[in-house]
Novice: 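Just passing along the structure, written as C-alpha cells.
Naming convention: chains lettered A, B, ... in sequence-line order (proteins, then strands); numbering from 1 in each chain.
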Amino acid sequence: MSPKTQILKRQFYERPAQLVAGGLIGKVFKFGPISGRIVEVEAYDESEPASRGFSGIRKGNATLFGPAGHLEVYLTYGINLLANVVCEPVGIGSGILIRALEPVTGVELMRANRGDPRVPDHRLCSGPGRLSRAFGLTRDDDGEDLVHGRVHILDDHVALPFTRSNRVGISVAQDLDWRFYVPDNPSVSVRRVPVTRSRATP
DNA sequence: CATACGATTGACT
DNA sequence: GTCAATCGTATGA
C-alpha cells in the first residue's frame, strides 16, 4: 500500500536551497485543475551573486526574504514570469527556480493558456517562463502560500532519478552545479547549458 | 532624468 | 546560429 498523497509541509522548505531542490524533483506542482511533475529546478542561495537575494531586500524581492514555503512570482526580460519556491527562515533570501514540469492534469487548459494549439505536451512546461504561462500564473500570485494557499506542491511518493549540472542563463557563479534535472525527460528545457570545464583545452 | 539589463522565449537567417 | 520583444528595477549623471 503506498502512502497517501500529501501537501509538502512548511519544514520541508525551511532548509538550504540546494537540499530542497533535490527534494522537489518528482513532486507535483498544482494550481487548481492544472498540475505537473517537477523534472528540473535550480537552487539559488542568498550568499552567491547569481541569486536575486544576493544584494538584500529590494523593491521586487520581498517575498524571497519572507517565510519558507511561499511562491515568488517575478518578471524577467519584461516578458516572462518566473516562479521561485522560497526556502530558509524569514530574513534569508534563498529559493528554488522551477524550470520544467511534466504535465499531469489540465493539459488542454495549459495549451489554452499558452495560446498555441500546436505546442506538444512535452513542451507545454519545458522552461520557467513557459510553465508560468501554462499555469496561468500572474504577478498577483507572488507571495502565495504553498502550504495553505491555492497553489500546492504534492508528494505522491514517486521517485525520479536525477542528476546535476551548472545553471542556465546566468552570467556569474556559473561554476556551481545547482541545476537538478531528470536526464532524458522530454519536458526538461532544451537550452544548451555551457559546459563546465575543469581544465581549459590547451 | 537617462540608460543598462535581466534566473527567457520565439521568430528568423 | 542571431536577435528583438518588453518593462520594472538599479545605477549614475
Novice: Tell me whether the NZ or CZ atom of A:Arg99 lies within the 45° cone about the ring axis of A:Tyr181 and under 6.0 Å from its centre.
Specialist: no
Novice: Starting at CZ of A:Arg52 and ending at P of B:dT8, how long is that distance when rounded to a whole Å?
Specialist: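 Atom CZ in A:Arg52 sits about 12 Å away from atom P in B:dT8.
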Novice: Side chain of A:Arg58 only, heavy atoms from C-beta on: which candidate in C:dC7, C:dA10, B:dA7 is closest?
Specialist: C:dA10
Novice: Rounded off to whole Å, could you give me the CG-to-P distance for the A:Asp116 and B:dG10 pair?
Specialist: 8 Å
Novice: Once you round it to whole Å, what is the distance between C1' of C:dC3 and CD1 of A:Ile79?
Specialist: 13 Å
Novice: Counting the atoms with a prime plus P, OP1 and OP2 as sugar-phosphate, which does A:Arg133 contact under 4.0 Å by heavy atoms, base, sugar-phosphate, or nothing?
Specialist: nothing
Novice: Let's test your reading of the model: under 3.5 Å, does the base of B:dA7 pair with the side chain of A:Tyr74 as donor and acceptor?
Specialist: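 Present.
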Novice: When A:Cys125 is tested against each of A:Val39, A:Val104, A:Leu131, A:Val119 for side-chain contact (heavy atoms from CB on, under 4.5 Å), which residue passes?
Specialist: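 When A:Val39, A:Val104, A:Leu131, A:Val119 are each tested with A:Cys125, the side-chain contact (heavy atoms from CB on, under 4.5 Å) holds only for A:Leu131.
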Novice: Could you tell me the Watson-Crick or G-U partner of C:dG1, where both distances fall under 3.5 Å? Say none if there is no partner.
Specialist: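 C:dG1 is paired, partner B:dC12.
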Novice: Using whole Å, what does the distance between atom C1' of nucleotide C:dG8 and atom CG of A:Leu81 come to?
Specialist: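 Spelled out: CG on A:Leu81 to C1' on C:dG8 is 12 Å.
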Novice: Do we count A:Tyr44 as stacking onto B:dA7 if the rule is ring centres under 5.5 Å and planes under 30°?
Specialist: yes
Novice: Which residue lies toward the 5' end of DNA chain B, A:Arg114 or A:Glu72, if each is placed at its nearest nucleotide?
Specialist: A:Glu72
Novice: Expressed as a whole number of angstroms, how long is the span from A:Leu131:CG to B:dA7:P?
Specialist: 16 Å
Novice: Does the side chain of A:Tyr44 come under 3.5 Å of the side chain of A:Glu42 through a donor N or O and an acceptor N or O?
Specialist: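 Per modelled atom types, A:Tyr44 and A:Glu42 side chains form a pair under 3.5 Å.
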Novice: I need the OH-C1' distance between A:Tyr77 and B:dT9, as an integer number of Å.
Specialist: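 In whole Å, B:dT9 C1' and A:Tyr77 OH are 10 Å from each other.
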Novice: Rounding to an integer number of Å, can you tell me how far A:Arg99 CZ sits from B:dA7 P?
Specialist: 11 Å
Novice: Nearest to the side chain of A:Asn80, which nucleotide is it out of B:dA7, B:dT9, C:dA10?
Specialist: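 Side chain of A:Asn80 sits closest to B:dT9.
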Novice: Respond yes when some side-chain nitrogen or oxygen of A:Arg130 is under 4.0 Å from OP1 or OP2 of B:dG10, and no when none is.
Specialist: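 So the side chain of A:Arg130 is within the cut-off, an N or O lying under 4.0 Å from OP1 or OP2 of B:dG10.
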Novice: Nearest-Å distance, CG (A:Leu64) to C1' (B:dA7)?
Specialist: 11 Å
Novice: Of A:Val85, A:Asn84, A:Asp142, which meets side-chain contact (heavy atoms from CB on, under 4.5 Å) against A:Leu64?
Specialist: A:Asn84
Novice: If you measure from the C1' atom in C:dG1 to the same atom in B:dA7, how many Å do you get, rounded?
Specialist: 23 Å
Novice: Relative to A:Phe12, does A:Arg15 satisfy both conditions: NZ or CZ under 6.0 angstrom from the six-membered ring centre, and within 45 degrees of the ring's axis?
Specialist: yes
Novice: Which nucleotide, if any, forms a Watson-Crick or G-U wobble pair with B:dA7, using both distances under 3.5 Å?
Specialist: none
